[in-house]
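Keep in mind that what you see is a predicted model, and the values were worked out from it rather than measured. One-based numbering along the sequence shown.
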Amino acid sequence: MLGITPSAARPKRVLMVAYHFPPLAGGSGILRTLGFARHLPDCGWQPLVLSPAPLAYAQRGDTQLAQIGARATVRRTLALDAARHLAIAGRYPRCLALPDRWSSWWLSAVPAGLRMIRQYRPDAIWSTYPIATAHLIAMTLQKISGLPWIADQRDPMLDDSDPLAPYPPEARLHRMHAWIEQRIAARSAAIVCTTPGAIAAHQRRLAQVERERFCLIENGHDDDQGAVQAHQPHGPHGDPGHRSRFQLLHSGVIYPSERDPQPLFEALAKLRHDGVLHTHNFQLVLRATGHDAWLASLLVKYGILDLVRLEPLLPHGAALQEMLAADGLLLLQAANCNAQIPAKLYEYLRCRRPILALTDLAGDSAAKLRHCGIDTIGQLASSGDCARALLHFLELARQSRAPLASPTAIALQSRQARSNALADLLDQVSHRRTA
């Protein structure tokens, strides 16, 4: 071990190992890590961020780099994407992509992390999933340094609830994830999840871990976004007369299994056939779905090309502006993700636009919305209930009666509040080490 001894005379520091960090473009994980890096200094903790060099990212953008701030020290090291940098004729050895395609990052990040530990003498290490290599790096640094390690799992790495459809489905990757999860259980000071369901899933699988080592720190919204403060185009509920065509927006990835919109598309086709919806009174915008080709084929299949529009990825600020300008915001989450809450839900709440959630009533997403006073929820698995929920939602939204989260409820979901929670946890684990 390096024998790092914290000192009361210097600032508290945390080494943050994160793949998801600017200039990577797209993905909610960027906003989580970036939010912590921005707000932790106000909570008494200085962030030291260890992330890949830009070469690792297929999609890059500079719009969020300015938000990092001078108080965060950032080190970037070489990480190769096996699918892009190590493939020959589109093929690469599977061993180069375990536990993920950026496993090469470990080779450069561990020496860089050790240099950061020697130079800055952090009090704790934090790493975040779903790029599991970040956990491997943090695990190695913890073993060498002896520093307390917080594993930000966010969502479970494994799901064995259905023996016929385990996650991840590939046997080698499943074994690798299981090994990493056991190492997290053995070596981490705390395991952080983003939903109550994720904590429950971990506790069922990791019965040997003390319950107090699990901590809930949800995703959140950027409360200080100038766009949110400056751009409230239609008042608190919106003006139903501002345009005749109601615009319902889904912003973000639509996964074929976890957010399959086919029951909704079937409902739209029926409502269109019945004359309830048509091109002059309704439009669904699907922004940055990540699966446009598949969705385009479904729009043809259900005959709703005139009701649904597919749009490309926008920078985060522009995407936020689009949410603020929409008549309504759509959330999709299937029952097989009941232990997850889409990160966009928190931004939807902050925008204070009417929300239609098509999900499972027993899941964490529905519970979060109900807790915030929003009950415009339908069952995604049922086309009939999608139609019922959509019509009810449209009626309420057009009459400015759709429920919105209160300012108090919104404030509790901010990234500043989440950073306060992480700072408290960092205080606890670092204090236990020095006590």
Side-chain angles (χ1 to χ4, degrees), residues 28-29 82-83 93-103 127-136 139 151-188 191-211 213-216 218-219 253-264 290-291 294 298 331-343 357-368 378-383 385-386:
S28 61
R94 189 68 182 93
C95 63
L96 298 178
L98 291 174
D100 49 63
R101 297 188 345 237
W102 297 270
S103 60
S127 61
T128 188
Y129 181 70
I131 298 302
T133 295
H135 281 338
L136 291 180
M139 184 190 312
D152 187 48
Q153 280 289 77
R154 296 171 58 190
D155 299 321
M157 303 180 76
L158 298 171
D159 184 359
D160 294 320
S161 57
D162 183 354
L164 299 179
Y167 176 83
E170 183 188 345
R172 281 187 298 177
L173 185 57
H174 194 280
R175 288 193 298 270
M176 184 70 164
H177 277 203
W179 180 84
I180 295 173
E181 190 179 69
Q182 289 299 320
R183 293 301 90 204
I184 289 172
R187 305 204 66 92
S188 68
I191 299 172
V192 173
C193 298
T194 56
T195 67
I199 286 182
H202 278 89
Q203 289 176 334
R204 285 193 296 269
R205 233 179 8 260
L206 303 175
Q208 76 275 27
V209 177
E210 303 89 340
R211 298 179 77 86
R213 280 175 56 196
F214 292 99
C215 181
L216 175 66
E218 298 180 50
N219 286 311
V253 178
I254 297 180
Y255 300 102
S257 172
E258 295 86 347
R259 297 172 189 169
D260 186 353
Q262 292 190 72
L264 171 61
H291 297 88
W294 171 65
L298 293 179
L331 189 82
L332 301 173
Q333 191 81 330
N336 59 4
C337 290
N338 273 358
Q340 299 176 24
I341 298 176
L358 299 179
T359 184
D360 183 72
L361 298 180
D364 283 348
S365 294
K368 168 58 69 175
Q379 293 276 11
L380 178 59
S382 165
S383 63
D385 202 57
C386 285

Worksheet item: Can you name the nearest heavy-atom pair linking Q379 to D385, along with the distance?
Response: N-OD2, 2.7 Å
Item to complete: Check whether the side chains of S127 and D152 place a donor and an acceptor atom closer than 3.5 Å, and report yes or no.
Response: no
Item to complete: Provide the closest heavy-atom pair for A198 versus P156 in the form atom of the first, atom of the second, distance.
Response: CB-CD, 3.8 Å
Fill in: Backbone of T195 reached by a side-chain donor or acceptor of D364 within 3.5 Å
no
Discussion item. Check whether R259 reaches the backbone of V253 with its side chain - one donor and one acceptor, N or O, closer than 3.5 Å.
Written reply: yes
Worksheet item: Just by distance, do the side chain of T194 and the backbone of E218 share a donor-acceptor pair under 3.5 Å?
Response: no
Discussion item. Any side-chain to backbone donor/acceptor pair from D100 onto A132? Under 3.5 Å, distance only.
Written reply: yes
Practice prompt. Would you confirm whether S103, through its side chain, and L96, through its main-chain N or O, come within 3.5 Å as a donor-acceptor pair?
Written response: yes
Worksheet item: Mind checking whether F214 and H202 have parallel, tilted or perpendicular rings, split at 30° and 60°?
Response: tilted
Worksheet entry | Backbone of Y129 reached by a side-chain donor or acceptor of R154 within 3.5 Å | yes
Worksheet item: Does the side chain of H174 come under 3.5 Å of the side chain of D160 through a donor N or O and an acceptor N or O?
Response: yes
Fill in: CD1 on I184 to CG on L136, rounded to 0.5 Å
8.5 Å
